[in-house]
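Remarks on the structure that follows.
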Amino acid sequence: MKVATWNVNSLTARWERVVAWIEDNGPDVLCLQETKQDDSKFPFAGFEALGYEAVHNGEGRWNGVAIASRVGIDDVRRGFGTIEDDDGARIIGATCNGIEVMSCYVPNGRALDDPFYARKLSWLDRLASHVGAVPPQRALIVVGDFNVAPEDLDVWDPAALEGSTHVTGPERDRLRAIGGLGLVDIVRDRRPGEQVFTWWDYRNGAFHRGWGMRIDLVWCSPLVAAGVTDALVDREARKGTKPSDHAPVVVTFELPGAP
DNA sequence: ATGTCCCAACTTTTGGGA
């Protein structure tokens with residue numbers, strides 16, 4: 001099974017690129033962030049034409065998350081449910097082929113002295129509560145744009161980012177708490193010591209200069225992680241005409257319990 | 001480093017956000 005996550009920075013603006021990427025890569029499940037659409041504009045029919053059933057948690061101009069699956073999609077959960085959830089449309093969950101999937105768009109945080117930074121930390125705390133315990137039999141994948149680089153290896157120049165969001169101790173503590181639930185940051189797990197970026201600013205020629213960060217993450221429960229055969233970032237998708245500023249992250253694994 | 005892209009709107013240019 002192949003699961004991908006991609007912050008598309010507007011699904012309206014990116015639709016042709018998304019279609020081409022799906023046709024080229026054939027993910028079984030594709031999680032999207034920053035669709036920037038309300039549900040009435042989301043291309044349900046477009047996904048259906050490609051053989052996917054899609055679900056969306058959208059709000060309009062900002063945020064918006066989706067899951068598209070060609071292996072079934074059940075038990076859809078929009079938002080945090082009973083947990084405080086007033087920071088926009090940032091999470092949707094569903095079960096695809098027996099695997100629990102959560103597509104997340106963590107708040108950016110803007111700046112360390114901005115109230116949105118505190119909301120970002122709070123949102124990550126609430127995500128950990130929402131995910132809950134990860135016992136050995138649980139098949140779970142939590143993916144998305146976390147807007148946090150887990151460690152200094154995951155940014156092009158730690159010194160240039162001092163005093164900025166995405167790299168602070170409190171943010172990284174929250175990622176460690178996700179790991180503390182038992183989830184595995186699967187790209188780092190599969191590529192120890194390798195610098196792999198998923199996002200490059202549109203400005204300053206950042207992509208061509210290699211000024212990027214690894215902020216789009218795939219967290220697998222141990223049951224899923226045990227079956228992973230590949231984990232990569234498709235940086236080709238950051239090239240060309242009208243790219244998103246993020247590249248897709250793609251993880252392939254054998255289904256839990258498969259012979 | 002702040003050079004881009006995307007969205008909405010009292011829309012044909014500007015401001016907010018990332």
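Chain A is the first sequence line, chain B the second, and so forth, proteins listed ahead of strands; every chain is numbered from 1.
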query: Do other residues, nucleotides or ligands put more than 12 heavy atoms under 6.0 Å from the CD atom of A:Glu16?
result: no
query: Any chance the side chains of A:Asn9 and A:His246 put a donor and an acceptor closer than 3.5 Å?
result: no
query: Can you list, by residue number, the residues of residues 10-21 of chain A that have a non-hydrogen atom closer than 4.0 angstrom to DNA chain B?
result: A:Ser10, A:Thr12, A:Ala13, A:Arg14
field: Upstream residue (5' side of DNA chain B) when A:Leu161 and A:Asp245 are each assigned their closest nucleotide
entry: A:Leu161
field: Passing option when A:Trp123 is tested against A:Phe116, A:Phe80, A:Phe146 for ring-ring contact (aromatic ring centres under 6.0 Å, His included)
entry: A:Phe80
task: Can you tell me, in whole Å, how much space there is between the C1' of B:dA8 and that of B:dG3?
output: 24 Å
field: The single option from A:Arg214, A:Arg188, A:Arg172 passing salt bridge (charged side-chain N to carboxylate O under 4.0 Å, His left out) against A:Glu151
entry: A:Arg188
query: What integer number of Å spans the P atoms of B:dT14 and B:dT2?
result: 22 Å
query: If you measure from the P atom in B:dC10 to the same atom in B:dC6, how many Å do you get, rounded?
result: 23 Å
task: Provide the start and end nucleotides, 5' to 3', of the part of DNA chain B that has atoms under 4.0 Å from heavy atoms of chain A.
output: B:dA1 to B:dA18
- prompt: Quick one: do the A:Gln33 and A:Asp145 side chains pair a donor with an acceptor below 3.5 Å?
  reply: no
query: When we call it a touch if two heavy atoms are under 4.0 Å apart, what does A:Trp211 touch: a base, just sugar-phosphate, or nothing?
result: nothing
message: Need one value for A:Arg209: base, sugar-phosphate or nothing, where a base atom within 4.0 Å counts as base even if backbone is also close, heavy atoms only.
response: base
message: Let me spell it out: for each of A:Lys242 and A:Ala160, pick the nucleotide of DNA chain B with the closest heavy atom. Which residue's pick is nearer the 5' end?
response: A:Ala160
field: More than 12 heavy atoms of other groups within 6.0 Å of A:Glu48 CD
entry: no
query: Any side-chain donor paired with an acceptor under 3.5 Å for A:Glu254 and A:Thr229?
result: no
message: With no hydrogens and no angle check, just 3.5 Å: does a side-chain donor-acceptor pair link A:Asn25 and A:Lys2?
response: no
message: Could you work out, with side-chain hydrogen bond (donor to acceptor under 3.5 Å, both in side chains) as the rule, every residue matching A:Arg190, not counting sequence neighbours?
response: none
message: Using the P atom as the point on both nucleotides, what is the distance between B:dA1 and B:dG17, in whole Å?
response: 24 Å
